Amino acid sequence: MAALVKGDRVAVLTSGGDAPGMNAAVRAAARVGAELGLDMVGVEDGYAGLLDGRFTPLSIRVLDEAARRGGTVLGTARSKEFATPEGNARAKERVAQQQLKGLIVIGGNGSLTGARTLADTGLLVGGVPASIDNDLACTSMSIGVDTAMNTIVEACDRIFDTATAHKRTFIVEVMGRDCGYLAMTAGIAAGADAVIVPETGKDEAQIVEQVKTTVKRALAENKRRVLVIKSEGVKIASERLKELVVKEIPEVDSRVTVLGHVVRGGTPSAFDRLLAARLANAALRALAAGQTDFMAGWSGPGITRPSCPWDPYVVLTPLTEVLAETEKLMRGESELARWRKAVFQEVERILQR
Ligand code: F6P
């Protein structure tokens with residue numbers, strides 16, 4: 001499509017679950033857009049704000065300050081209305097009213113699904129992956145994953161102290177929706193004794209067995225603490241898991257900590273800020289050059305497309321492909337899904353030693 005020209009209006013929105021580093025992405029988009037002579041504007045509360053026509057100026061000074069903080073200054077939402085035909089039609093009206101020429105969508109799977117439909121309107125649309133779950137395909141990392149991982153590791157280090165003092169077994173539940181990436185990577189980094197993720201496909205009895213084996217070994221070795229990290233996507237409640245284990249090993253003193261939304265907030269790591277800046281920079285420049293209907297992802301193993309001209313680590317993939325590959329990843333049917341599953345199973349065995 002035709003390249004953008006100076007003065008063209010480009011909007012930025014953040015959508016879905018917030019992720020630390022979203023503000024850094026908005027800031028980069030605002031700064032690069034200003035550099036290219038574009039009229040940059042923010043949308044409040046994601047697609048919900050787009051439907052209501054709630055636009056806001058993007059002040060670089062405000063964003064400079066916000067880039068160091070978690071959450072999103074633009075606000076975010078999961079808009080059910082946008083996904084309806086009426087919602088879609090209203091969004092198109094708003095785009096025309098605001099004379100928007102381009103849109104940058106910063107978010108996860110649901111947000112990029114919305115971006116895909118808007119690209120059909122003739123608007124130039126670019127996606128930037130942001131979700132602590134790391135469940136998006138065609139990017140080796142999404143914005144927010146690194147910070148969330150660090151938050152979990154820090155929390156586990158604290159739990160180690162109290163667990164060791166009391167000779168206890170802790171089951172720590174972490175976010176990640178249906179994806180065990182966060183639990184597994186944080187588990188390795190924190191030195192967990194066992195990690196339970198949905199990808200390995202265990203049933204309740206097998207999970208209980210896994211934890212029992214871990215606890216029995218720890219007791220035999222007179223270990224003072226056991227740390228089990230469980231991904232929220234695993235279909236057994238953490239309290240129930242604890243009760244089933246304690247029922248069979250009554251001498252174990254066990255506690256459950258659900259980290260929940262603590263994992264999603266907090267100061268973004270330097271890596272997340274830089275990742276956000278580089279992905280948003282490439283997305284904005286691609287949009288300005290007339291490209292549309294893509295996600296700017298971080299390259300890595302298995303990402304075979306060539307990098308974009310603006311950053312050797314950033315790869316632009318059509319949104320349709322991103323969404324299809326993500327679906328395969330979550331169904332366990334892609335090459336990446338099979339690799340992750342194999343690695344998760346191997347790590348599980350290694351942690352049992
Ligand atoms: O997708 C990000 C995420 O934090 C998931 O890890 C979690 O399952 C979900 O969002 C929680 O959503 P909500 O904030 O709507 O409760």
Side-chain angles (χ1 to χ4, degrees), residues 13-25 45-49 69-83 105-115 127-156 171-187 190 195-199 229-239 256-269 272 275-276 279 295 297-298 322-323 325-327 329-331 337 340 344:
L13 65 80
T14 53
S15 160
D18 58 292
M22 274 184 162
N23 286 328
D45 298 330
Y47 292 114
R69 296 198 304 272
T72 160
V73 276
L74 291 178
T76 185
R78 302 188 201 274
S79 168
K80 287 202 177 86
E81 199 192 344
F82 176 72
V105 174
I106 304 165
N109 197 8
S111 314
L112 296 182
T113 306
V128 174
S131 163
I132 62 163
D133 304 336
N134 218 25
D135 58 354
L136 275 170
C138 309
T139 183
S140 60
M141 284 292 263
S142 290
I143 297 165
V145 177
D146 183 65
T147 307
M149 203 158 54
N150 279 289
T151 303
I152 297 171
V153 171
E154 194 193 324
C156 288
I171 297 170
V172 178
E173 183 180 308
V174 302
M175 274 191 171
R177 206 179 282 275
D178 298 318
C179 180
Y181 181 94
L182 203 50
M184 185 52 83
T185 51
V195 184
I196 308 168
V197 291
E199 284 84 348
I229 298 190
K230 178 184 153 288
S231 176
E232 68 171 344
V234 173
K235 301 290 175 236
I236 172 171
S238 297
E239 272 298 336
V256 168
T257 301
V258 178
L259 293 181
H261 290 78
V262 167
V263 169
R264 217 163 73 186
T267 305
S269 66
D272 269 331
L275 178 69
L279 294 179
M295 180 191 80
W298 196 239
V322 173
L323 298 174
E325 280 300 312
T326 299
E327 211 181 310
L329 175 65
M330 294 326 294
R331 285 207 309 257
R340 276 190 186 177
F344 289 176

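This structure is a prediction, so every number in the text was calculated from the model and none was measured. Note that ligands are numbered from 1 as they come in the structure, with each ligand's atoms numbered from 1 the same way. Each residue takes its place number in the sequence, starting with 1.
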Ligand-side contact atoms (ligand 1) for residue partner [X], heavy atom cut-off under 4.0 Å:
{"X": "Gly176", "answer": "6 (O)"}
{"X": "Arg78", "answer": "9 (C), 10 (O), 11 (C), 12 (O), 13 (P), 14 (O), 15 (O)"}
{"X": "Glu232", "answer": "5 (C), 6 (O), 7 (C), 8 (O)"}

Enter the distance from His261:NE2 to Ile132:CD1 here, rounded to the nearest 0.5 Å.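 One gets 8.5 Å once the value is rounded to the nearest 0.5 Å.
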Hey, is the main chain of [Y] close enough, under 3.5 Å, to the side chain of [X] for a donor-acceptor pair?
{"X": "Asn23", "Y": "Gly70", "value": "yes"}
{"X": "Asp18", "Y": "Thr76", "value": "no"}
{"X": "Ser111", "Y": "Ser15", "value": "yes"}

Of all the non-hydrogen atoms in the protein, which one sits nearest to [atom], and at what distance?
{"atom": "atom 11 (C) of ligand 1", "value": "Arg264 NH1, 3.5 Å"}
{"atom": "atom 9 (C) of ligand 1", "value": "Arg177 NH2, 3.6 Å"}
{"atom": "atom 16 (O) of ligand 1", "value": "His261 NE2, 3.2 Å"}
{"atom": "atom 2 (C) of ligand 1", "value": "Asp133 OD2, 3.3 Å"}

Ignoring hydrogens and geometry beyond distance, is a side-chain donor-acceptor pair present between Asp272 and Thr147 at under 3.5 Å?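 Indeed, the side chains of Asp272 and Thr147 share at least one donor-acceptor pair under 3.5 Å.
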I'd like to know if the side chain of Asn109 pairs up with that of Thr326 as donor and acceptor (distance under 3.5 Å, no hydrogens or angles considered).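 No pair is found: no donor N or O on one side chain lies under 3.5 Å from an acceptor on the other.
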